[in-house]
Each structure stands twice: as structure tokens, then as C-alpha cells.
Amino acid sequence: MTESIDWDPLRKNAAGRHGGSSAVVHQDDLLWRFIAGLTTLFPAPADVADYYFSDGAKSARMLAAAIDRHSAGGPLSIMEFAAGYGMVTRHLKRVLPNAAITSCDIHEAAVEFLQTEIGVSAVLSEHRPEDLQFAQQYDVVFALSFFSHMPESSFGRWLGALYRNVKPGGLFIFTTHGLASRPNLGDPEIPESGIWFKPLSEQHDIEGAEYGSTLSTPEFVIRELYANTAAPLAEFKAGYWWQHQDLYLARKPCQ
Ligand SMILES: C[S@@+](CC[C@H](N)C(=O)[O-])C[C@H]1O[C@@H](n2cnc3c(N)ncnc32)[C@H](O)[C@@H]1O
């Protein structure tokens with residue numbers, strides 16, 4: 001799609017129709033670029049803007065619904081891990097008015113944008129899960145479409161690192177590319193281990209071996225989850241997010 005398009009009014013219009021979040025989109029937002037590249041699905045610029053804001057709002061509502069199904073209500077602290085440039089974050093304050101949101105990403109520009117434009121607390125992540133240490137634990141740690149990019153070597157270590165930052169009694173919620181994602185990834189043959197990984201992604205500034213394209217079976221994920229957290233799985237929904245990513249929700253036992 002050409003750069004000569006005047007996106008501002010289209011974004012403002014779409015942001016207004018989908019809850020009134022910030023209409024500003026960062027120039028490095030790869031999710032925006034990905035959607036804008038789907039010209040068959042979204043032929044008109046207004047369709048791109050509409051999908052970006054409506055889908056972000058939908059994901060925020062899906063997170064709120066998942067939390068509702070498993071918690072008693074009241075104020076919550078939420079860590080949105082791998083938030084990117086806030087496609088979902090910008091809707092969270094409205095959809096979860098009782099929540100204190102902190103977001104996190106590996107890109108410094110994203111962390112700054114989340115703080116200054118989206119208005120949440122934001123912290124910089126680490127490349128190695130063992131180095132990740134937040135200042136507090138959270139009632140909910142949420143990672144949308146992060147494990148859909150992790151290799152076998154760090155998949156379980158990231159599960160362990162994020163779970164460490166969940167408060168006792170809190171929820172760990174994440175999605176993966178599961179079996180329903182197979183056609184989107186070119187129908188790969190899944191190894192017996194239950195995880196398929198290609199060291200290639202749209203994030204050209206992160207090494208492919210660290211962040212690529214992953215498909216993982218529920219058997220693999222549940223085995224890794226148990227090995228790295230011993231957390232009981234409270235909910236699993238196959239192909240639930242975007243009609244193809246699997247949803248996992250684990251509750252940390254109260255001490
Ligand atoms: C597919 S995007 C998902 C963005 C957002 N969760 C969403 O669904 O709208 C994956 C995100 O993971 C981030 N990421 C990659 N490695 C990371 C790391 N080590 N720690 C935190 N975030 C990371 C990328 O910068 C990117 O924003």
C-alpha cells in the first residue's frame with residue numbers, strides 16, 4: 001500500500017468507532033504493516049485501519065473474558081508481555097478499568113511508545129528468559145502470540161520465566177500456533193517432539209534462532225508447562241485466538 005495515503009483521518013475514524021483509544025500508530029509497528037500488506041483481505045486503506053483497531057479491541061475483550069472466567073473480580077495487576085506497539089494495549093484500560101497495566105517488549109522504541117502514547121507503565125524485556133526479572137509479581141501475566149515465535153531451546157525457559165512473575169493464586173495466559181495454524185505456516189511436517197520451528201520471522205532485527213516461526217502441539221506445550229512450572233492447566237482452547245492460535249491458561253497455586 002502506498003505511503004502517500006493520508007492515514008490519520010482513517011485511523012482516527014476507526015479508533016473512534018472501536019472504543020476511542022489512541023489513534024496513533026508507530027512507524028515500526030509490524031502488525032500494522034502486516035495487516036496493510038494483506039491487500040486481498042483489506043483492499044481499501046479504511047479496511048486496514050478498521051481491522052487494526054477492531055481486532056486489537058477484540059483481543060482485549062477476549063483477555064478480559066478469560067480473566068473473568070477464572071478470577072473473582074476486583075482490582076488486578078496485569079503484565080502484558082511482548083506487547084509490541086500496543087495494538088491490544090491501547091484497548092486494555094477501557095476494557096479492564098480496574099486493572100493496573102504494565103506492558104513489556106524487547107524493543108526500546110515500543111516501550112517508549114507504550115509509555116508516552118498509550119499511557120501504560122512499560123518495561124524493557126531481555127533476550128534470555130533467565131535475565132527477566134520484573135520489580136513485582138502480577139495477578140495476570142499475558143503473552144499473546146509470543147510462544148508462536150519461540151524455538152524449542154527457549155520455549156520452556158520462557159514459560160518458567162513468565163510464570164515466576166505470576167503472584168500466588170494468579171493467572172498465566174498465553175497463546176501458541178497450534179495445529180489449526182498449520183495451513184498459515186505452509187503445512188509443515190511436525191517432528192515427533194511436537195514442536196516445529198523455522199528461524200525466520202518478520203522481526204529482522206532479532207536473530208532467527210531466537211525469534212522465528214513456531215508450531216507446537218498441545219502435548220509439547222503441556223509437557224513443557226508442567227516441566228517448567230508444575231502449574232495445573234486451568235483452561236485450554238484449541239484454535240481459539242484468530243481462529244487458529246491455541247489458548248492456554250494456568251493458575252499458580254496459592255501458597
Ligand atoms: C507477534 S508480536 C505480538 C505483539 C502483541 N502481543 C500482539 O499480539 O498484538 C511479538 C512481539 O514479541 C516481541 N518480542 C520478541 N522477543 C521478545 C522478548 N525477548 N521479550 C519480550 N518481547 C519480545 C516483539 O518485539 C513483538 O512485539
Side-chain angles (χ1 to χ4, degrees), residues 18 21-22 25-38 51-63 66 78-92 95 101-114 118 120 122-134 138 140-151 153-165 172-177 181 184-185 197-216 240-248:
H18 297 293
S21 68
S22 164
V25 175
H26 194 279
Q27 58 181 5
D28 296 337
D29 187 334
L30 290 181
L31 293 175
W32 171 275
R33 285 201 211 157
F34 173 72
I35 295 163
L38 300 175
Y51 185 79
Y52 182 89
F53 289 95
S54 66
D55 190 69
K58 185 176 176 191
S59 285
R61 289 194 301 272
M62 287 171 79
L63 171 64
I78 300 182
M79 161 53 65
E80 186 204 14
F81 186 73
Y85 289 88
M87 179 173 166
V88 178
T89 324
R90 66 187 70 219
H91 301 281
L92 289 177
V95 170
I101 317 279
T102 306
S103 298
C104 175
D105 200 87
I106 195 69
H107 291 106
E108 274 180 49
V111 170
E112 176 164 354
F113 182 79
L114 289 162
I118 307 296
V120 292
V123 291
L124 193 61
S125 187
E126 301 283 350
H127 287 276
R128 279 170 25 92
E130 290 72 19
D131 296 334
L132 187 77
Q133 191 53 63
F134 297 133
Y138 295 88
V140 177
V141 174
F142 173 56
L144 180 62
S145 202
F146 173 72
F147 288 95
S148 34
H149 298 280
M150 290 302 107
S153 58
S154 69
F155 198 105
R157 290 157 57 213
W158 275 114
L159 288 173
L162 294 180
Y163 185 76
R164 262 201 312 282
N165 290 286
F172 178 28
I173 304 172
F174 62 95
T175 67
T176 64
H177 281 144
S181 308
N184 303 9
L185 297 168
F197 179 77
K198 187 167 80 168
L200 202 66
S201 82
E202 74 291 350
Q203 301 269 357
H204 299 301
D205 59 340
I206 309 182
E207 285 231 9
E210 176 182 328
Y211 181 103
S213 303
T214 309
L215 191 158
S216 47
Y240 181 65
W241 223 286
W242 300 298
Q243 285 84 52
H244 70 96
Q245 289 210 19
D246 293 346
L247 169 69
Y248 295 84

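All ligand and atom numbering here is 1-based and tracks the order in the structure.
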Name the residues in contact with ligand 1, where contact means a heavy atom under 4.0 Å away: which are they?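 Lining ligand 1: L31, F81, A82, A83, G84, V88, D105, I106, H107, S125, E126, L144, S145, F146, H149, W158, Q203, I206, Y211.
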Would you please say whether a donor-acceptor pair under 3.5 Å links the side chains of Q245 and S145?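 On atom types as modelled, these side chains qualify, holding a pair under 3.5 Å.
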What orientation do F155 and F147 show, parallel under 30°, tilted 30 to 60°, or perpendicular over 60°?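 Ring orientation, 0 to 90° scale: tilted.
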If the condition is ring pair (Phe, Tyr, Trp, His ring centres under 6.0 Å), which residues does Y240 pass it with, not counting sequence neighbours?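 So Y240 forms no ring pair (Phe, Tyr, Trp, His ring centres under 6.0 Å) with any residue.
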Who are the side chain to side chain donor-acceptor pair (under 3.5 Å) partners of Y52, not counting sequence neighbours?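 Side chain to side chain donor-acceptor pair (under 3.5 Å) list for Y52, sorted by chain: D29, R90.
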Any V120 side-chain heavy atom under 4.5 Å of L92 side chain: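 Side-chain contact under 4.5 Å: no.
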Side chain to side chain contact (heavy atoms under 4.5 Å, CB included) partners for R33, two or more places apart: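 Residues passing side chain to side chain contact (heavy atoms under 4.5 Å, CB included) with R33: D28, L30.
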